[in-house]
Amino acid sequence: MQIDLPVNRFKQALASQQKQIGFWLSSCAPSVSEAIAGAGFDWLVLDMEHVANDAPEIVQHLRALQGGTAEPVVRLPWNDPVLVKRLLDCGVRTFLFPFIQSAEEARQAVAATRYPPHGIRGVAGTTRANLYGRVPDYFRRADQQICVLAQIETRKAASLSHAIAQVDGIDGLFVGPADLSADFGFPNDWDRPEVWPTILDIGAQARAAGKAAGFLSARESDCRKVLADEFTFVATGSDMGLVARGADALVKLYQD
């Protein structure tokens, strides 16, 4: 039986600058991913940088998200081509690379996701990515559905954001406001006049290169601001944030 290669609608949406509303998954529990899958988000981040998710856990999350509305986006722990290769074979096709500091690092990230001659991805014949050999011409067409996002989280990276965005194969720049504000010396205080204009400038540099701009905040006011400033993909909260704040609110109901 032959199956056509599924289209990455999230990648298509970024290319056409369609707003994409997302959410962060950091509980490590596939049942939580499954519960969020039907909420209506356009993209969901499976975090590996600050969460104890490894490749086997990511596969379980991908299965839990099947049938939902959102594209799974895996945030890697590092720009590591070996891990990228394994995750690609597991079926991941949209990656958020953390701590990209230069155009060369962005090129390395893209190369890790592409088969030769356009990159260095190793070839495996029967994997979850090609539905165990059932997708015709997978090795020729796979690159068309791979989405690569570069996370900008330092002043140095911000100053080079236009060059990073111009790298062929980079689909978007994502601003990590917590890390960026920390690099400025104001951890978790990105409203400051030293930081917020830099966030908006990264978005402008991405758009100038014809790429999408992304952002994360649990504060609706922040998300509304960047959406008004033509950021394309915006994460609006996290599973553990909802659980913790919801628990706080519930306890308060019975403390009066």
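The model shown is predicted, which means the values in this text are computed figures rather than measured ones.
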Reported CG-to-CD distance for the pair Leu160 and Glu105, which is rounded to 0.5 angstrom: 10.0 Å
Any side-chain donor near an acceptor of the partner, Asn188 and Ser181, under 3.5 Å: no
Heavy-atom closest contact (Ala55 atom, Met48 atom, distance): N-CE, 4.1 Å
Salt-bridge present (Arg219, Asp191; N to O < 4.0 Å): yes
Test: Asp89 and Arg86 ion pair at under 4.0 Å: no
Donor on one side chain, acceptor on other, Asp143 and His118, under 3.5 Å: no
For Val234 against Cys223, the heavy-atom pair lying closest together: CG1-SG, 3.7 Å
Side-chain (Lys211) to main-chain (Ile164) donor-acceptor, under 3.5 angstrom: no
Parallel, tilted or perpendicular: ring planes of Phe139 versus Tyr115, cut at 30 and 60 degrees: perpendicular
Minimum side-chain heavy-atom gap His50-Arg75 below 4.5 Å: yes
Donor-acceptor pair between His61 and Glu57 side chains, under 3.5 angstrom: no
Any donor-acceptor N/O pair, Asp54 side chain to Pro56 backbone, under 3.5 Å: no
Under 3.5 Å donor-acceptor, Arg155 side chain and Asp183 backbone: yes
Heavy-atom closest contact (Asn130 atom, Gly125 atom, distance): ND2-O, 2.8 Å
Side-chain donor or acceptor of Gln166 paired with backbone N/O of Ala209 under 3.5 Å: no
Check: Thr236 side chain, Gly22 main-chain N or O, donor-acceptor pair, under 3.5 Å: yes
Leu25 backbone acceptor or donor facing Asp239 side chain under 3.5 Å: no
Heavy atoms from other residues, nucleotides or ligands near CZ of Arg141 exceed 12 (cutoff 6.0 Å): yes
Trp24 reachable from Leu14 in the ILVMFWY side-chain graph, under 4.5 Å edges: yes
Taking every non-hydrogen atom, the tightest pair across Val51 and Ser26: CG2-CB, 3.5 Å
Trp190 vs Val175 side-chain heavy atoms within contact, under 4.5 Å: no
Backbone N/O of Leu149 and side chain of Asp171: donor-acceptor pair under 3.5 Å: no
Phe23 side chain reached by Leu242 side chain, heavy atoms, under 4.5 Å: yes
Donor on one side chain, acceptor on other, Glu104 and Ser102, under 3.5 Å: no
Check: Arg107 side chain, Gly169 main-chain N or O, donor-acceptor pair, under 3.5 Å: no
Aromatic ring pairing Phe10/Phe233, orientation class (parallel under 30°, perpendicular over 60°, tilted between): perpendicular
Main-chain N/O of Val84 paired to Arg121 side chain as donor or acceptor, under 3.5 Å: no
Min side-chain heavy-atom separation Val32-Met240 under 4.5 Å: no
Sub-4.5 Å side-chain heavy-atom contact between Cys28 and Asn53: yes
Member of Leu96, Leu83, Leu87, Thr94 meeting the side chain to side chain contact (heavy atoms under 4.5 Å, CB included) criterion with Val74: Leu87
Donor-acceptor under 3.5 Å (Asp229 side chain, Gly203 main chain): no
Within 6.0 angstrom of Asp248 CG, more than 12 heavy atoms from elsewhere: yes
